[in-house]
Asks: 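For reference, the structure I am asking about is given below.
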Amino acid sequence: MYQELQKRFEQHLREVLAAKYNLELATIPLEIPPDLKFGELATPIAFELARKLRKAPKIIAQEIVAALAGLEGFAGFEVAGAGYINARLDRAAGARMTALGEQEHSSKGLLHAMVEHTSINPNKAAHIGHLRNAILGDTFVRLLRAAGQKVDVQNYIDNTGVQVADVVVGFLHLEGKSVAEVRQLIVDCEARAEGAVGRTAGAIDYYCWDLYARTSQWYTSGTDEENEARKKLRYETLHELERGGNETAEIAELVSTAVLRRHLETMLRLDIGYDFLPRESEILHLKFWEAAFAQLKEKGVLYYENEGKNKGCWVMTRPGSEIAEGDLNEDAKVIVRSNGTVTYVGKDIAYHLWKFGLLGKDFGYKPFFTYPDHECWISAEQGDEPHPQFGGAQAIYNVIDARQSDPQANVIQALRGMGYTDQADRYTHFSYEMVALTPRCAVELGYEVSEEDLKRPYIEVSGRKGFGVKADDLIDKLIAATRAEVDARQTGGAEAEAARPRIAEQIAIGALRYFMLKFTRNSVIAFDFKDALSFEGETGPYIQYAVVRARNIFRKAGTTPEAELAEFAKLAELDGYFHGEDAEDIWALWLRSARRTLVLEQCIATSEPAHLAKHAFQLAQEFNNFYHKHHILTEEDSARKTFLLATAAVALRELVLALSWLGIESPEAM
RNA sequence: GCGCCCGUAGCUCAGCUGGAUAGAGCGACUGGCUACGAACCAGUAGGUCGGGAGUUCGACUCUCUCCGGGCGCACCA
């Protein structure tokens, strides 16, 4: 409702400006007034026009207001302060619109989007940093879909990288395991995990977590001579993985696939799923790079360096580089090494050409993991037919942490250089800051923390060091904590007790997802169990609790939100309910409920889900306030009771919807 | 050395494309459960928005500079 009236107001303003001053402005500044006493919509346009029209802002504002006259949905316009133009809505009409709940989003500019997120190296368990990535990505997918966009969700799997190589080195050389033994270990781990409570203890990803950390240390823990040999082993292993078709690669395949399954299971606990898992092994073996290389050379994005430190390499100019063409550019980015192998950025360019359907090659596809409502496919050299179509997206979003902004910029630069400017413009590096541990949290977990680190505000998580909080451990801990709360609060009978595990899980996931979403993307999260396990104040459970309260009202009243909204629509006279002393707060709740579409579009435009998290919290806060002040079930005036029930119905509807976009369920009871 | 990000209440963070008296949560203190469940509500205290200069009718927001912190700047991924 709000956005629709905002557009109506803007259009009307344009007409007035054109008629009165013969002015056409590119943008009309609109804002939400800081207080309802200034109305519901405002514009400071008169300040901007003051210079142009050589008149005082206040005079201009008065002239505009005089010309604004009547506009459907509005009660009036007025000048305030030094020249603000404030608009007052026809509250009754606005409420009727809001009650209907049909908030049209603009259908223009809908694109086929692709979101890549999670992308954990399949050599260890997921940790809290990966959770932030996946939760941000999954939430953004939900937002795009809510806006009507078609979205493919991808999780890129680097199964032939140095991290997988490291854990393979661990299996082969630290543990001396054969292919058969590794295969057996994975089977044993899966059997153990099957029976375990949290399904995590003894799982393969946990096993690899420790082995990876041990191997990383092993590289530097010997004599210089030994370390040299170990490093050599590392790179030989890496090259065997890349080549494929050998025992080393077989172990890598076994381990990375088993760990990947664990990652999918972990994320599924948070209701996060994927459509397609492109793997680096196929990018290599299906020769994606060769196709990209040909294009890059042809378009002149890459050139062969004949001198300087990059002699013998194919390089590209970095974005923003000011070195003239032809001059020696030692700062250029190497894409093909002097030994003929391609770097990470090179492979990424090829992959992104595929994403936009510009490569002229495609993956093979095989089904890999079945979700309740869809199948997730994985790349393969020789795939199955038929298979769904992936790739060829119009807009892409890469959820990748801020440390990788340089390589991401390189890929965009390459696309632009190849003349794919539209694609480059619709390539969004959805960057976010890392999740770190507070020193206190690190100590609590039993890690050794140096004097220097103790003074820092936060300490970076490191898979290499095995330093961090594993995702499943955190989820288990949250579920245990919410279960204890639920047990302490609920007094129902056997039926209620049977529902408790499910409810505890819903609350735990709500707490976790909200925690990861309440911070804006470029803020480092200094993780602490005290904050993450909090269920009071600005948290997911607070919002879920507001939902439960609202539902309880309808349950006890023996009615439904839909029925009450239908009754509300029949009320002839509404104005009285929205004006007067204690009506302002209720109107504020309606008004915020009406802002759904505005918030959604803002989140998409800024790639920032935190705005929706804040919106949901404020909605819950205003509802709780309303709940406290106005007792509904004992209201004797039946028309007013209908009005109050409708208010609760609208708030409930918006809360549940906002939570669903955040990937948070709304429990029936808590 | 170059690039990016951050610095707002004791702590953790919001603050929409510059706009009206700078907000929330936590913590502290005070009060409220015989009313739809207190995972709640009401109130009090707490701020030179890191410092300085500039642009502007107007700056937490834009520019410059300095201070403090973080992260990137590989023929690693």
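All chains are named by letter (A, B, ...) in the order of the sequence lines, taking the proteins before the strands, and each is independently numbered beginning at 1.
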Asks: Which part of the nucleic acid does Ala610(A) contact within heavy-atom distance under 4.0 Å: base, sugar-phosphate only, or nothing?
Replies: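 The answer is nothing, as Ala610(A) stays clear of every strand by at least 4.0 Å.
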Asks: Identify the two heavy atoms, one from Gly161(A) and one from Glu280(A), that lie closest to each other, and give their separation to 0.1 Å.
Replies: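 So the two residues come closest at N-OE1, 3.9 Å.
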Asks: Could you tell me how the ring of Phe626(A) sits relative to the ring of Phe623(A): parallel (under 30°), tilted (30 to 60°) or perpendicular (over 60°)?
Replies: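 The rings of Phe626(A) and Phe623(A) sit tilted, inter-plane angle from 30° to 60°.
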Asks: Can you identify which nucleotide, out of rC40(B), rC36(B), rA77(B), has its nearest atom closest to the Ile553(A) side chain?
Replies: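 Of all the options, the side chain of Ile553(A) is nearest to rC36(B).
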Asks: Give the rounded distance in Å between these two atoms: CD of Gln544(A) and P of rG37(B).
Replies: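 Distance check: Gln544(A) CD to rG37(B) P gives 17 Å.
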Asks: For nucleotides rG3(B) and rU48(B), find the distance between their C1' atoms and express it as a whole number of Å.
Replies: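 Comparing C1' positions in rG3(B) and rU48(B) gives a spacing of 32 Å.
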Asks: Which part of the nucleic acid, if any, lies within contact of Gln618(A), taking any heavy atom under 4.0 Å across all strands shown: a base, the sugar-phosphate backbone alone, or nothing?
Replies: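 Nothing, no nucleic acid heavy atom in range.
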Asks: What is the nucleic acid contact for Arg456(A), judged by heavy atoms within less than 4.0 Å: base, sugar-phosphate only, or nothing?
Replies: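 The residue Arg456(A) makes sugar-phosphate contact but no base contact.
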Asks: Expressed as a whole number of Å, how far does the P atom of rG50(B) sit from that of rU12(B)?
Replies: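 Going atom to atom, P in each nucleotide, I get 14 Å.
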Asks: Check every atom of rC71(B), rC75(B), rC41(B) against the side chain of Met434(A) and return the nucleotide holding the closest atom.
Replies: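 Selected nucleotide: rC71(B).
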Asks: Quick check: any donor-acceptor pair below 3.5 Å linking the side-chain of Asp406(A) to the base of rG72(B)?
Replies: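 Per atom types, no contact qualifies.
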Asks: Atom CD of Glu485(A) to atom P of rC40(B): distance rounded to whole Å?
Replies: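 Atom-to-atom, Glu485(A) to rC40(B), this comes out as 10 Å.
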Asks: Asn552(A) has a side chain; which of rC36(B), rC75(B), rA74(B) sits nearest to it?
Replies: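 The closest nucleotide is rC36(B).
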Asks: By nearest heavy atom, map Asn625(A) and His631(A) onto RNA chain B; which one lands nearer the 5' end?
Replies: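 Going by which nucleotide is closer to the 5' end, it is His631(A).
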Asks: Side chain of Asn339(A), backbone of Thr341(A): donor and acceptor closer than 3.5 Å?
Replies: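 Checked: pair present.
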Asks: According to side-chain hydrogen bond (donor to acceptor under 3.5 Å, both in side chains), who are the partners of Lys58(A), at least two apart in sequence or on a separate chain?
Replies: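 For Lys58(A), no residue satisfies side-chain hydrogen bond (donor to acceptor under 3.5 Å, both in side chains) once neighbours in sequence are set aside.
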Asks: What nucleotide, of rC40(B), rC75(B), rG37(B), holds the atom closest to the side chain of Tyr545(A)?
Replies: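 Out of rC40(B), rC75(B), rG37(B), the nucleotide with an atom closest to Tyr545(A)'s side chain is rG37(B).
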Asks: Hey, does the side chain of Tyr542(A) come within less than 4.0 Å of rC41(B)'s phosphate (OP1/OP2), counting only N and O?
Replies: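 Yes, because at least one side-chain N or O of Tyr542(A) sits under 4.0 Å from OP1 or OP2 of rC41(B).
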Asks: Starting at CD1 of Ile525(A), measure out to NZ of Lys518(A) and round the result to the nearest 0.5 Å.
Replies: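 Spacing of CD1 (Ile525(A)) from NZ (Lys518(A)) equals 9.5 Å.
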Asks: If you measure from CG on Leu53(A) to CD on Glu48(A), what distance do you get to the nearest 0.5 Å?
Replies: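 Spacing of CG (Leu53(A)) from CD (Glu48(A)) equals 11.0 Å.
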Asks: What is the per-nucleotide protein-contact pattern of nucleotides 11-17 of chain B, from the 5' end, where B denotes a base atom under 4.0 Å from a protein heavy atom, S denotes such proximity for sugar-phosphate atoms only, and - denotes neither?
Replies: -SSSSSB
Asks: With both distances kept under 3.5 Å, what pairs with rG54(B), Watson-Crick or G-U wobble?
Replies: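 Matched rG54(B) with rC62(B) under the 3.5 Å cut-off.
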Asks: Can a side chain N or O of Asn121(A) be found less than 4.0 Å away from OP1 or OP2 on rA77(B)?
Replies: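 Negative; the distance criterion is not met.
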Asks: Between Glu536(A) (CD) and rG27(B) (P), how many Å, whole number?
Replies: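 After rounding, the reported distance stands at 7 Å.
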Asks: When the nearest nucleotide of RNA chain B is assigned to Gly161(A) and to Phe535(A) on a heavy-atom basis, which residue is associated with the more 5' position?
Replies: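 Looking at RNA chain B, the more 5' nearest nucleotide goes with Phe535(A).
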Asks: Please classify the nucleic acid contact of Lys311(A) as base, sugar-phosphate, or nothing, using heavy-atom distances under 4.0 Å.
Replies: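 The residue Lys311(A) makes base contact.
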Asks: If the C1' atom of rC62(B) is compared with that of rC16(B), how far apart are they to the nearest Å?
Replies: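 Between the two C1' atoms, the distance is 16 Å.
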Asks: Write down the distance separating the C1' atoms in rG47(B) and rA35(B), rounded off to the nearest Å.
Replies: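 That atom pair is separated by 40 Å.
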Asks: Kindly say if Asn310(A) contacts the phosphate of rC75(B), meaning a side-chain N or O under 4.0 Å from OP1 or OP2.
Replies: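 Answer yes for this pair, as a side-chain N or O of Asn310(A) is under 4.0 Å from OP1 or OP2.
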Asks: Quantified in whole Å, what is the C1' atom distance between nucleotide rA22(B) and nucleotide rA9(B)?
Replies: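 Comparing C1' positions in rA22(B) and rA9(B) gives a spacing of 11 Å.
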Asks: Of all the nucleotides listed (rA77(B), rA24(B), rA20(B)), which has the minimum atom distance to the side chain of Gln621(A)?
Replies: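 My answer, after comparing the listed nucleotides, is rA24(B).
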Asks: Give the nucleotide from the list rA20(B), rC75(B), rC5(B) with an atom nearest to the side chain of Ala42(A).
Replies: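 Nearest to the side chain of Ala42(A) among the choices is rA20(B).
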Asks: What contact category does Asn86(A) fall into here, base, sugar-phosphate, or nothing, at under 4.0 angstrom with non-hydrogen atoms?
Replies: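 Here Asn86(A) touches the bases of the nucleic acid.
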Asks: Which nucleotide, if any, forms a Watson-Crick or G-U wobble pair with rA14(B), using both distances under 3.5 Å?
Replies: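 Per the H-bond distance test, none.
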Asks: May I ask you to decide if the ring planes of Tyr542(A) and Phe617(A) are parallel, tilted or perpendicular, using 30° and 60° as cut-offs?
Replies: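 Tilted: the ring planes of Tyr542(A) and Phe617(A) meet at 30° to 60°.
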Asks: Between rC11(B) and rG1(B), how many Å separate the two P atoms, rounded to a whole number?
Replies: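 Approximately 30 Å lies between the P atom of rC11(B) and that of rG1(B).
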Asks: What's the closest nucleotide to the Arg318(A) side chain, out of rA77(B), rA74(B), rC41(B)?
Replies: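 My answer, after comparing the listed nucleotides, is rA74(B).
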Asks: In whole Å, I'd like the distance from the OH atom of Tyr514(A) to the P atom of rA24(B).
Replies: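 Between P of rA24(B) and OH of Tyr514(A): 14 Å.
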Asks: Which value, in whole Å, describes the distance between the C1' atoms of nucleotides rG51(B) and rG69(B)?
Replies: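 16 Å, rounded to whole Å.
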Asks: Using side-chain contact (heavy atoms from CB on, under 4.5 Å) as the criterion, list what pairs up with Thr560(A), not counting sequence neighbours.
Replies: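 Expected list: Glu562(A), Ala563(A).
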Asks: So, is Arg551(A) close to the rC36(B) phosphate, meaning a side-chain N or O under 4.0 Å from OP1 or OP2?
Replies: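 No, outside the criterion.
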Asks: OP1 or OP2 of rA77(B) versus the side-chain N and O atoms of Gln404(A): is any pair under 4.0 Å?
Replies: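 So the side-chain polar atoms of Gln404(A) never come under 4.0 Å of the phosphate oxygens OP1 or OP2 of rA77(B).
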Asks: Rounded to the nearest 0.5 Å, what's the gap from CD on Glu608(A) to CZ on Phe519(A)? Could you check?
Replies: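 Between atom CD of Glu608(A) and atom CZ of Phe519(A) there are 12.0 Å.
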Asks: Could you tell me whether Lys37(A) contacts a base, only the sugar-phosphate backbone, or nothing, with contacts defined as non-hydrogen atoms closer than 4.0 Å?
Replies: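 The answer is base, as Lys37(A) lies within the cut-off (heavy atoms under 4.0 Å) of a base atom.
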Asks: Could you tell me the separation between the NE2 atom of His628(A) and the C1' atom of rC40(B), rounded to a whole number of Å?
Replies: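 The distance from NE2 of His628(A) to C1' of rC40(B) comes to 8 Å, rounded to the nearest Å.
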Asks: When the P atoms of rC33(B) and rA42(B) are compared, how many Å lie between them, rounded to an integer?
Replies: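 Between the two P atoms, the distance is 16 Å.
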Asks: So what does Lys629(A) hit on the nucleic acid, given a heavy-atom distance under 4.0 Å: a base, only sugar-phosphate, or nothing?
Replies: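 No contact.
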Asks: Base of rC75(B), side chain of Ser338(A) - is there a donor-acceptor contact under 3.5 Å?
Replies: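 A donor-acceptor contact between them is present.
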Asks: Does Ile335(A) reach a base, just sugar-phosphate, or nothing at all? Heavy atoms under 4.0 Å.
Replies: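 Here Ile335(A) touches no strand at all.
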Asks: May I ask you to say what Tyr458(A) touches in the nucleic acid, namely base, sugar-phosphate or nothing, with a heavy-atom cut-off under 4.0 Å?
Replies: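 Tyr458(A): backbone/sugar contact only, no base atoms under 4.0 Å.
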Asks: Is Glu10(A) salt-bridged to Arg14(A), going by a charged N under 4.0 Å from an acidic O?
Replies: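 Looking at Arg14(A) together with Glu10(A), the answer is yes, because their closest N to O distance falls below 4.0 Å.
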Asks: Could you label the plane-to-plane angle of the His352(A) and Tyr427(A) rings as parallel, tilted or perpendicular, counting under 30° as parallel and over 60° as perpendicular?
Replies: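 Plane angle between 30° and 60°, so tilted.
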Asks: With sugar-phosphate meaning primed atoms plus P, OP1 and OP2, does His630(A) contact a base, only sugar-phosphate, or nothing at under 4.0 Å between heavy atoms?
Replies: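 Base, at least one base atom sits under 4.0 Å.
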